[in-house]
Every structure is written in C-alpha cells, then in structure tokens.
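Heads up, the thing below is written out as structure tokens.
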Amino acid sequence: MKIKILLSFCLLFFTGTLLYSQILVKGIVRDKSGEALPGVSVKVVDKSAKVTVTDIDGKYSIDVSPKGTLEFSYIGFSSQKVVVNDRTDLDVTMSDQSTELDEVVVTAVGIKQQKKKLGYTTQQISAQTIEESSSINLGNALSGQVAGLTVTNPTGLFQAPAFTLRGKTPLIVVDGIPVESDLFDIPNEDVENINVLKGTSASALYGSRGKNGAILITTKKAKKEGLELTANVSSMISAGFTVFPETQHQYGSGSEGKYEFWDGADGGISDGDMTWGPKYTPGLLVKQWNSPIRNKQTGETIPWWGNVAGSIYDNRALYERVPIAFEPHNNLKEFLRTGVITKGNFSLAYKGKRSNTYFSGNYANQHGQVPNTSVQTGGLTFNNEYNITDNVKFNVNMSYNKVYSPNYPRYGYGPKNHIYTIVLWMSDDVDIRELKKHLYRPDQDGYVQANYNYAWYNNPYFMTYELTQQHNRDVFDGQAKLTWDILPNFTLQGRTSARSQTLFEDMCSPKSYMNYGDSRNGDYKNWNTRQLNVDADVLATYSYSFSKNLALTVNGGASTFYRRYQQEYQSTDGLIVPRIYNLSNSQGPVTATNNLQEKAINSLYGTVNLDIYNAAFLTVTGRNDWSSTLAKGNNSYFYPSVALSTLISEYVKLPKAIDYLKAHGSWAVVSSDLNPYSITSSYNKSTMYGSTPSVTYPSALVNSSIKPQKTTSYEVGLSSSFLKNRLNVELTYYHVIDENQIIDLPISEASGYTTRKVNGNVSKTNGLELVLGAELIKGKNFSWSFTTNWTTDASKLTKIYNDMAKYGNLKKGDRTDAIYATQWMKSASGKVILDATTGMPTKDSYVSNIGHANPDARYGFQNVFKIKKFRVNVDFDGAIGGTMISTTTQKMWWGGRHPKSVTWRDAEYTAGKAVYVPDGVVVTGGSFERDVNGNVISDTRTYQKNTTAVSWQTWCQNYPYRAVVTEKDSKEFANAFDRSYLKLRRLAVSYDLTNIIGKRIFKGLDLTVFGNNLFVLKNVPYIDPDFGSSDSSLQDPSARYVGVSATIKL
Amino acid sequence: MKRILSIIFASLLIFSSCTNFEELNTDPNNPTVTHPRLLLTNICWNTFSENSLDPLYASKYIVQSDGENSEQFYKWNRGSFSYYTNLKDVNKMQEEAENISANGYVALAHFFRAYYFYNLTMTFGDIPYSEALKGESVANYTPVYDTQENVFKGILSELKTANEILSKESDNLSGDIIFGGDITKWQKTVNAFRLKVLLTLSKRANDASSTVKSDFAVIVNSGLLMTSSADNAQLVYLDQEGNRYPMFNSSTFGSGMYMDSTFVSLLADKKDPRLFTFCTQTKNAKSAGLAVDNFSSYDGGDPAAPYATVNAKAVAGNISKPHSRFYASATNEPQILMGYSEQELIIAEAIVRGWITGDAAIHYEAAVRASFKFYETYASDYASYLNETAATAYIASPENSLTGLTTEQKIERIVDQKYIQSYFQGMWTPLFEHLRTGYPAFRRPTGVEVPKRWMYPQAEYNNNATNVKAALDRQFGGLDRISDALWWEK
C-alpha cells in the first residue's frame, strides 16, 4: 500500500510540474497477456520530453498536446510511439519481442548489454518456456529451442541431458558464476531467463572456462513493486510410449528350436542364454525355471523357483522338473509402471524502496517407471538487494538444493540394466510376474536369487529391489556482491561466490547378484565426494559520452578461481551376512582409496565498448588467464576478441517494410588448459597381491611443455525485422579453427606407450544458423506466431600433427565425427562375399568409413496459438542425417529377440536342415591384394551368386551382429541407420482462470494442460534417436508424458 | 581514479599471491619415483595371471556352440601389441633398479623382456626390439622392426645376461610374489626358459651358423635347472579381491562353451585320468549314472563342423563342458609360466633329437609324474585317480610309454604331454608347438590351414607405417597375411 501512495505521489509530482497543460491523457499499459505493467516510462515526444511512469496498476496520466505523440518504453519490451489524436483514454499493449533490438540481455561476466550492440549471436529462452517445461531437469526445456544448441534427452530416470553448443560443451553460468552442474540442482521455477552465448567472442570474457560458449541462467529477483506471492503445482504422468522396443513374441528360450531348464547355465537344453528355442504353441509343455520339482520315485511335487544347485534336489537320477505351459508374456510392459512427476513451489517477492527480496522453495519428486526407483529434488533460494546508500548496493544470493535418489536404475550394456535383461536377453516364456513374487530361491533366502538364468542375467525384480544405489547430494551456493556507483558514470563491483557440493553415493549388491566376473558374494561400495568452487572478482565500469554521437564504456576486472575436488571410495570384498550393507560386514579386506585435486586460475580482463552515431557498436575484449595446471612459462594465455555490430537501417534508407537491418561480425581467440597433475607422470597403485602392494606406470606419455590449445573463431550475421515486427530473421555464419589442440596422439605401442600429449592437429568447423520468427496471424480472437531455428555445421580435420597420414583411423580431410567400423568383405559392386562351403561372410581386416555421427542439420519449431483466452503451444524439433550403429538391433539379432529373426525358423525346423540362402556372392577365381592402408593394389576376383543355404540362426547371429551392416548393404539386416527424426516435443494449452473468476483474490490463476515427448517420426528402429548419437548404453522406452500445472499469483 | 585503480591492483595482488601454482599442481595422490619391488609385484601378477579362452579354441581344447568363434575356425585377423604396454613397466623396473643398483631386479627385467619379446615375435615375425620401449627415454615413437632372427639372438643374449647377474646376486628380492625372493629359483626359471626358446628353434638348429644345439647342451650340462615341481615358476591365486582365478565367476562358461573332440578323444585314447579334472561327463552319461572314470562318458564337439552341428550334439546331451572348477573355484589351480614338467619334456625331446645325450624316458616320466601330482594337489576331488600309482600305471601303458618307438613317435608322445598339461595353461604354447611339430593334429574344415601368424595391428599401420611396411616387404613381399610362415617355422 505504501508503495502505491508513493507511486501516486510521484505521478502527482510529475503532472504537477507541467507548464503547458493541454489535454490530460489517461490509460493503462498492459503486456500481451493483459497484465498491467507498472513502471513503464511514458514520454511526450517533443522538446519538453516530459516523462511519467505507470503506477502499480499500470495506470498513467500525462498532459500532452492533442496532436502530440507519446512514447512508451520498458525494459524487455519494444518501445512504441502512439499519436494521441485527441483521445483522452489511451490504453496501450506493450509487446515483448525477442528480436527487439533495445532488449537488454545479460552477457559474459554479468555485463548487461542492449541486443543491438552485440557483435555476436545470443539467443534467449523465455521464462514461460522454462516455467512450463515441468521436467525435473531444466535441461530438457532447452531441446530444440536454440539454433546451435543440441540437447540430448535421455529416456531413463535421473539421466541428465547433455549439451553441445556448436559441437562443444558450453559453460553453465548461474547469475554470473560458472558452475559445474547436471542441472538437477537448479530448480526450473527459480529461473528468470536463459541466454545462450554462442560464439566464442561472446564468452571470451570467461576465459578458458567459457571457450565453448556459455549458457547463462539468470534467477528470479523481485521485479514488481510490493509483495507478490506465487505458487505452482504441477503433476504429470507417463502415458504410453513414444518409442517402445519391439521384440518377437513367437519363439522362446533355447537354441535351434529346443529348450529345457535345469540349472540355467547350459546344464539343461540350451538354458544358459538366447531366444532361439521352441515356438509358443498352445498345449506345449516345457520344463522351466518355475516348474515344480517331482520326485521320480514317490511322485511327490515340490513348488520351486530357480535352480537346485547345492540342494537335495540336485540329483537328476531322483528328481525332475515338471513341464509347464510354454507361453509368451508381455514382460517389459508388465515390469514398467507409470512414471509420475509432481512438483510444487512457492515464491515470495517483495520490492521496496531500498531493498528487494526474493525467497522461494521448491520440491519435485519423480517416481520412476522402473519399480523401486525415484528421484527427489528440493531447495530454498533467497536473494536480496539492498541499497545501502543511493550509490552503494549490496546483493546477496543464497541457495540450498538437495538431490536425492534412494535408488535409481543402472544403465549401460550389462547385467545390471533391466533393458539389457528384459528386452535383449530374457525370452517371453519367462513369466516376470513369477519373478516378482519370488526374489529368492525357496531354500536360499538372502543367498541365491530365484531366476530363469544362472550364467549371465539377473531376475529384474531382484535387480531393482535388492540391488540399490543411492545418490544424496547437497549443494550450497552463496554469492555476495557490492556495487558502488562512485560517480554517475563510474561503478565498481566486487563479488565472491562459493559453491559447495557434498555427495554421498553407495551401491548395495546382494549375494548371488551377477555382473560378469564380479563377486557373487554380495558387495557394498560407497563414494564420498566433496567439491568446492570459489570465484572472486572485481569489476570496474566507466562510461563516458564524448558527444551525442560517440560514447565509450570501459570495463576492467580481475578474478580468481579455485577448485578443490576430493573423493573417498570404500568397498567390501563379499558380504558375510546378507542384506547388511556395512564395510565391517566384509569377507575379505576392505579396499579404500582417496583422491584430491586442486586447481586455480587467476585472470585479468577488460572490455571497451564504443557507440558511434548510435548505429555502430564496437566491442573489444581481452582476458589473460594464469592456470595452475600448465607449466611455468606456458601457463599464461591471452584471449582477445573484437565484435562489431552496426544498424544499417540507421544510415541506409531501406524500404518501409523493413523495420531494421543489423549486421554483425566478430573474431575471438580462446585457449584452454589441462586437468590438474597432467604435466607430470606418476606411478599409480595397481594390484595388491595378498598384502603385497604394487604400482604401474601410465601408458600415456605426458608433456611438461604442453601449451594451451587455441581456438580462433569468426562469425558474421544479419538480423532484421519486417512489417512492424511481424517477421524477424537472424542468420549467422561461423567458422572455427581449432589448432594447437592438446591431443593424446596415438603412437606405436612398441615405444612402450600408447599415446603422447602434443599440441597438434587443426580442425575447421563451418556452421550456419537461422532463426526465424513470424506472427503469421494476429487477430483479436485468434493469433498464431511461430519461431523456427535451423543449424547446420560440419567439422573437418584439416591438418594432422607432424603431417602424419592418419590420426587414429581419421585421415586428413575427414569429418572429425567420421565413423570407421568393421564391415563384411564385399565385392567391388558391394555384394557381401560368402564362403563357398559354409555360406558365411568374412570380416574385413580394414575398417571403413560408414558415415558421420552428427546430423547434417537440426531444427526446431515453436508455435504459439491464441484462441480467445486460450494459449496453445506446439513445439517440434528434430534432426536430418547422421549415422548411428544400433547396439539394440545388433544384440536383438544375436539373441533371437529381433522381430525379423522369426522369418525362416519354421521353414528350417520343418525341413530339418538349412533352407535360407543368403543374398551374396562367392569368389570363383582371381585375387585381391591391398597395401598397408587397405587401398586396393589389384582385384581380379570373379564371382557367382551364392547358392549355399546356411542355418538361419547362424546367419542371424553373425551377419547383422558381428560387423556393421548399413541400410545400403541390406535393408533387412541393417544395424547402422540414418538418425533423422522429427519429434512433437510439447503440446500445451493454457488458460488464465481469472478471466472467469475475476482478479479479486488472485492476480493470476493459470492452468496448463500439457504433453511432452508426444510423437516421433524416425528411421532408426526400436530406439529414440533424440537420446544421443549412440545406444550402446541401451535406452529405456521413451515415455510420453501428460500433465497439468496450476500457477497462482497473489 | 588513481585511488580506484590502486584498489583494483591491490586486490589482484592478494588474489595471485594466495596460491603457489607449482605446489598446487603437484599430485598429492601418487609418487613420481618408486622402488623396483613395487613394479616387480605388478609385472609378476600381469605376466603370470594372463589367461584367455582364445588359445583354447585355436588349440582344439574347446568349441563354441552359440556363435562362430574366430579362433576355432582360424578366421582371425590382427594380433595385439599390448605386451609392449606390459614391457613398459618392465623397463621402468629396470630404470628404477639401475638408479639404486639393485641388480636382481635388472636381471628379472631381462627375463621378462625375453619372455614378452619371445611371445611377440612368435605372434608376428619381425617386431620392434632394439629400438622398442624408448618412447619416454629418447622420444622414439616409431621404432624400427628387427628381423625375427635378430630378435631371437637378443632374447637369448638377455636370458644369458639374466642368468649371469643372478648367479652373482645374493640379496633376496622383495615384492616377489612367485618365489618369495628366492634368487636361485629365478635362475632356474631363466635357464628353463632358455631351453624352451632354443627348442622353439629346432627347425633352425641345422643352419650352418646356428649354435642352438651347443647352447642347449651347455645349459643342460652346467646350468642351474629345476629339479622338482617345487621350482615351478607359478602364481598361486588367493581368494581375495583382485587375486582370484581370472575365469572365476565368468558367465562365458554358462552358455555355448563345450569341449573339443580333439582333446577329449586324445585323453580318452591315452586313458588319461587328468580328463576327469578337465571337463564334465556328458549330460546323458551323468543322467545314466556312469562312473567318473568311465572314459566313454566324456565327449567333445567337432571343431571343424558348423557350430549349429555342435549345438545339436549339445542339445542332445552328448558333449562335455569344461570342468566347473575353472569358473566356480576362486583359486582353482596356479598358473605356471615355466614349470619343471615342461622343462623335462623339453629336455626329453632334445635327447630324442640327439642334441644332448641322456635317457629321454627318465625326463619324460618325471614330467608326467609332475603333471599328475599337480592335478592331484589342485583338483583334489579326483586325487585318487591321479596318485603316484596311477601315474606309474599310466606311464607304463603302451599308449604312453616311450619305449620301442621311432624318433618321430617319441616326439609326438612328448609333445602330446605338453599339449595335455597346457589346458588353461601356457597360452599359445600348444599352437606354436603344433606349428613346429605338427602335434597333435588340429581338426579344421577342408581347405582351412592353421594360421602361422597374426597380422600386425591396425595402429601400427596408422602410427608406424614406414617401419611396419619395411618389415612386411622384407618378410612377405609387402603383404600382411596370417598364412605366411615365419623365419622360425621354415
């Protein structure tokens, strides 16, 4: 209330001073959503330049000549001029335009800059997108939003998205401080906006840490005068799958059509592995893992689950398993449960005269699709800005966040992964509901799991209920900043921040748990990790206008960064008593290690900005880093950058349809250092034999005189807006030269070492980014605006160290993401060559280039429809091109789970001999010689079509599995695919309920119904290409999520 | 303004003086120098614990029924240079030992160098030797290849050096997990291994310049050699994390791995009770309740047939699997790098070949008795079939006795014994012995030859192209094939 009076007083004050009252114009200024905007500057466009601001309700009144013009301006919105035209009531709607030139964005080191002055590309993500993302990880919200930013979306619980910006990993900065975070510890709801600094010149001020661009996250502050309370709750659930791995459901466990369980390790009939067994036919009875045991003499039956090894029943002369129905089950669907994400948060913001404060709390819980898994995050954030005097400001930011998972699924190819088991290796005849009911063998509770297999695989429920891994992380962030406006044009700022993270992780493995050669005696491991990052800096800003047409801003700063990482690890060697996960319960000696790493960087930096005629803007920056990780003499490195931006429309007369035309160009050189302790070689601990310790020497040669690597980048771009902001275009071309790269150069192993560290190799990257925004339809009841972004880039190896012919498998001129893989020997015309007697293919002893991993292009479309008071968001994104080798496909062929692996089984089992004749050729004569590089010296081979039939199982276990088969080689057996896809990322419908119930109680009550990851069009089978460039760690089925969210503003 | 600037610079000075960068970048976790004994332990562990299924497929001990094993069908391509990585630690041990004049470790460095270079040259032919392992010391990243003949000369000379140093050493070694520091036993190992290397060159022994036979005789007549299995250079596994039998808990045994008929029938023909410790009875034999020592209760799969055929036999319950002790016992049996039994077989063959004089049968019998004793000790469930009496009967039987045979037949029996005791032991020794002597016969599909070598690693083509090309030009007219015979085989 106080504020309101104060504002009214201000208003009176302004109006009272008017000398020439003509007419009094009144009105309300609102934003596009209809919300009143306080604090908007209203200026009379004449010599008097009278100014007022809107009050807390967005109201203003001002005296102006009846034919005069008013200019409304407000940070973050496009300013607009309105001719009064005798009106006395003049309501104005301000539009916020992302391409608007006067918009202020946060750039490196927290320096705020008008967008028109930027000589490099940045792209902002709106608060709305972030707020409505509802995912538990902020990163997912960025998918498809920013040209040049690739976000992978892993499908499993607690798998963090990974970012690449123009092909490299960007720095993440929160409120000006670089952080190392997987984003689970940064709550979405506290984020005001995200600005992506793409070019290296944009992030050059961050030094080596910002060498790959930066994602700047700005958290919320109190914005509006007075008190504002908001609360948000949202919930979403998985509703089916966008991508679900398909398997065959016709044949069961076994091999060559036969199966019988005895010990699950080949002691029965092919009961150790594979799904090449009998066909599911009604009435078929087979001895299985859950078959009762029958005493052959007495006929007595005993219910049993699992093998009988070590029990009295382990006597095949006396006992047998009773055959039971051999029928398929829908195991994966049965296993996975509905995923649920619930989130709640509140915030309290108060902006007063001297101080403003923001306080928020959040909690989120994700109930995983895999049973007994979940992740919880929660935290408190407080920030305050206090104006100690008129020219001294003190800011403090504090937050505490917790990330906790009592148990989350294990991914990676191996017996710890439920997908590995259920999709690839467990046949449908195994009834997973029985596995759920019986985790342990009847006679071995706590000691031996009940399962259908005892060679490779675990009971999936035993795996998720008995084997648990915990993640328990506490993150404290604190930042204090003092800003002193010494003179109106001279500011000094000092800042310190610390981010402290403690993480406790453990893994409890039960007895009889199988993981290849690991102990089957149970195990307990834990890891304690502590990390402290301290950043401190001072920044001085001086600005001076020489004249109306020439202004100068100079920033100078210094900073220091210190990082300390410490980890302790302990592990038992087998458990004495089952289920007691304690180091003292170890059968053998406990293993323990610890590791400490420290690093520091000191820096000096400065920028000079020159504004010329308000039409050309020049920014020159320089930074020098001194890193502790490089040798003395090589540890100082300098990064210069120059960026120029010019508004062509200010000095060239352009057609009226063009609102403005801006061109920019920039150049920057950045460098980077090493990890700690990388310039000296030291012995590492190796096997402890009994109590005799040992060491080993690393096989990678270090280089104490290694120099920082160097990246030079150029960027040019154009941006323009047409038809009064109806259409915006931004086009950027960039060229990056990476040289002096710090590489572990492969050397002849006969030198005793496998690699040596050198500065070498040059790679060049060319990229093009396009962002286009349009308000296609702008009506009262219906509007449609959309934004699209496109990126294409390619990086090539242009020079190899010492002009060597090859770098690993890569040759000069290859794309750096080229995939070299082992293929089958093929004839000159590309037909697979088969052995004349066996009908089988032979592996090529040379690897061949089968494509490149990264897509040729990536794109995103964001649509916003307004239908009366409803807002509908529809976001698509995807990729074109790129190649991936699918582990899922390869292994499904091998194991007999592939849907196409059923094709010739019946025919072959009926015929009792091989009937499948592979499409290929056999060599009938001639010779084939190649040089050491695999280049053909001579090829006089002659061929004829293969006529030899091969065992279908043998073929499937070899051809599509043991070497790479492209779609060009064979559509049917391909295991390498084009990665192109188009995904419907998000569909959201929002409505502000205050339109119905009024604003008496709530200032806003937004209700949103949304769906994420709804649909995908793709080429690669069974997996979601959005996950990343490889499925070698296997993927959870890609779940579709639908939800509802409500935001209340008080 | 000046005052402000000075404030800035003052703060800067505070920042930069806070930390001493060099101190900060000194690894607090690991040392840069070490005592050679710590390296010796690691070298012993790595060298002795090497165990792989690949040679078992290639040497016809086991077959695969759920996939085509490339060793079983002789479809391999390239070999690996990873032994050079093991040699790097050997070199560091030598360096650290020379720094503190600990000659015992220097001698062992020569022994391990000889051991690894022997295996490398047997695998490929010409290999980097004289310029090898100098990546760190003289920045030689592209070592030239030495001819196999010169590599053998080098190996023998290093072994000689090792013997000489050890004969003068009296200090015990530390970190020795094989002999507990007993220098004499190492000396015996070195000499036994010299005999093995020399016998490998049997096809070259008649070269005009060759001193193979005389060198062999000198060692047998005046060298310190193993006198019993107590001298075996062997690693005893412990039931402790990181020290267990390498195949312990291996999933591989649980699916698709069966015995090869070559090995099973060889043992059955010889009525060799060691078979009971090597594999299980077939499923049908077990269900029928046949006795453990009934040789007809064991059978193998045909290594030359398509794997589907082996699978069918397995499905029918008619193939034996490798014995469970190989994956279910944490310590199973020690791994013998060079043993008394092998030494005696080597000497027996040299006598048969006329390199030295003596009674071949005495050495042959001692070898067989030592081998029986080994399994009696470590597969104790079967001790009753493997005791002294059993060994005596076995040696006396017409299938196994050396009496009344031709030279060639004697050699076959001697090599067969080496083959039998190399099951899960000896890595590629049985294959090399087959290439040298032709024993035992290795079954394979028609038209398939037993490869004589491995192709050089792709990485050498990438990183040391000039030198590997020169080696190929010199040996095989520029081609790199697995079918070309090496110098020692010609």
Side-chain angles (χ1 to χ4, degrees), chain A residues 255-256 258 265-266 269-270 272-274 316-317 455-456 492 516-517 520 538 540 558 560 573 588 591 595-596 598 600 602 628-629 676-677 680 682-684 686-690 692-697 699 701 746-753 805-806 808 838 845 932-933 951 954 957-958, chain B residues 4 8 11-12 15-16 19 21 24-25 27-32 34 38-39 41-42 45 66-68 77 81 84-85 87-89 91-92 128 132-133 135-136 140-143 175 177 238 240-243 249-251 254-255 287 289 308 311-312 315 455 459-465 469:
Chain A
S255 187
E256 299 290 339
K258 304 213 168 48
D266 256 8
I269 296 175
S270 301
D273 208 357
M274 306 287 168
R316 298 176 89 162
W456 298 94
L492 194 63
Y516 301 125
R520 293 183 187 177
V538 287
T560 186
D573 178 17
T591 307
N595 180 27
L596 169 69
E598 286 180 295
N602 290 339
S628 69
T629 63
Y677 324 133
T680 46
S682 50
Y683 289 99
N684 298 316
S686 191
T687 316
M688 169 82 91
Y689 179 85
T692 311
S694 78
V695 296
T696 181
Y697 197 68
S699 56
L701 281 174
I747 52 176
S748 170
E749 279 178 87
S751 69
Y753 299 86
K806 279 175 147 190
T838 65
S845 51
V932 291
N933 292 316
S951 146
T954 303
Q957 289 180 329
N958 282 275
Chain B
I4 291 145
I8 296 171
S11 353
L12 268 179
F15 283 150
S16 47
T19 44
F21 275 4
L24 199 66
N25 203 35
D27 188 349
N29 309 299
N30 294 303
T32 51
T34 194
L38 290 164
L39 285 156
T41 306
N42 189 48
W45 174 263
D66 63 357
E68 192 177 75
N77 282 323
F81 264 19
Y84 283 104
T85 302
L87 278 164
K88 163 215 65 195
D89 277 338
N91 241 33
K92 292 305 284 188
L133 307 172
E136 191 181 55
N140 186 343
Y141 310 120
T142 52
I177 59 175
L238 309 176
Q240 180 181 319
E241 183 158 20
N243 296 168
N249 284 337
S250 167
S251 290
S255 62
S287 297
N311 192 49
V315 165
M455 292 168 73
E460 281 297 285
Y461 292 24
N462 295 349
N463 308 321
N464 195 13
K469 196 170 178 311

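As the structure is a prediction and not an experimental result, all values here were calculated from the model.
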Where do [X] and [Y] come nearest, in terms of heavy atoms and distance?
X        : Y        : result
A:Ser748 : B:Asn464 : OG-ND2, 3.6 Å
A:Thr687 : B:Gly242 : CG2-O, 3.8 Å
A:Ser694 : B:Thr41  : CB-CB, 3.6 Å
B:Asn243 : A:Met688 : ND2-O, 3.0 Å
B:Asn42  : A:Ser686 : OD1-OG, 2.7 Å
B:Thr32  : A:Tyr683 : O-CE1, 3.5 Å

[X] portion near chain A, given a 4.5 angstrom heavy-atom threshold:
X        : answer
B:Asp66  : both
B:Asn77  : side chain
B:Ala465 : neither
B:Leu39  : both

Pair [X]-[Y], side-chain donor/acceptor within less than 3.5 Å:
X        : Y        : answer
B:Asn25  : A:Ser628 : no
A:Asp266 : B:Ser255 : no
A:Thr954 : B:Glu68  : no

Tell me, out of [options], who's got the most heavy-atom pairs with chain A below 4.5 Å.
options                               : result
B:Ala132, B:Pro28, B:Gly289, B:Ser287 : B:Pro28
B:Thr34, B:Leu87, B:Thr142            : B:Thr34
B:Ala308, B:Ala312, B:Pro31           : B:Pro31
B:Trp45, B:Tyr141, B:Tyr461           : B:Tyr141
B:Gly67, B:Pro143, B:Pro128           : B:Pro143

Item to check | side chain to side chain contact (heavy atoms under 4.5 Å, CB included) between B:Thr85 and A:Tyr753, intermediate numbers included | outcome: CA-CA 6 Å; B:Thr85 302; A:Tyr753 299 86; over 6 Å; no
In terms of heavy-atom pairs under 4.5 Å with chain B, which of [options] leads?
options                                : answer
A:Glu749, A:Lys258, A:Glu256, A:Glu598 : A:Glu749
A:Gly588, A:Pro676, A:Ala750, A:Gly272 : A:Ala750
A:Val695, A:Thr591, A:Leu701, A:Thr838 : A:Val695

Next on the checklist: So, using salt bridge (charged side-chain N to carboxylate O under 4.0 Å, His left out) as the criterion, who are the partners of B:Glu241 when residues are at least two apart?
Outcome noted: none
Item to check | Test salt bridge (charged side-chain N to carboxylate O under 4.0 Å, His left out) applied to B:Asp27 - qualifying residues, sequence neighbours left out | outcome: none
If I measure from the heavy atoms of chain B, does [X] come under 4.5 Å with its side chain, its backbone, both, or neither?
X        : answer
A:Arg520 : both
A:Asn958 : side chain
A:Leu596 : both
A:Ser270 : side chain
A:Ser951 : side chain

With no hydrogens and no angle check, is any side-chain donor or acceptor of [X] less than 3.5 Å from a backbone partner on [Y]?
X        : Y        : result
B:Ser251 : A:Ala455 : yes
B:Asn30  : A:Ser682 : no
B:Lys88  : A:Tyr697 : yes
B:Asn140 : A:Ser751 : no

Next on the checklist: For the NZ atom on B:Lys469, are there more than 12 heavy atoms of other groups (residues, nucleotides or ligands in this structure) within a distance under 6.0 Å?
Outcome noted: no
Checklist entry - Given B:Gln240 and A:Tyr689, is the side-chain hydrogen bond (donor to acceptor under 3.5 Å, both in side chains) satisfied, shown in steps? => result CA-CA 8 Å; B:Gln240 180 181 319; A:Tyr689 179 85; over 6 Å; no
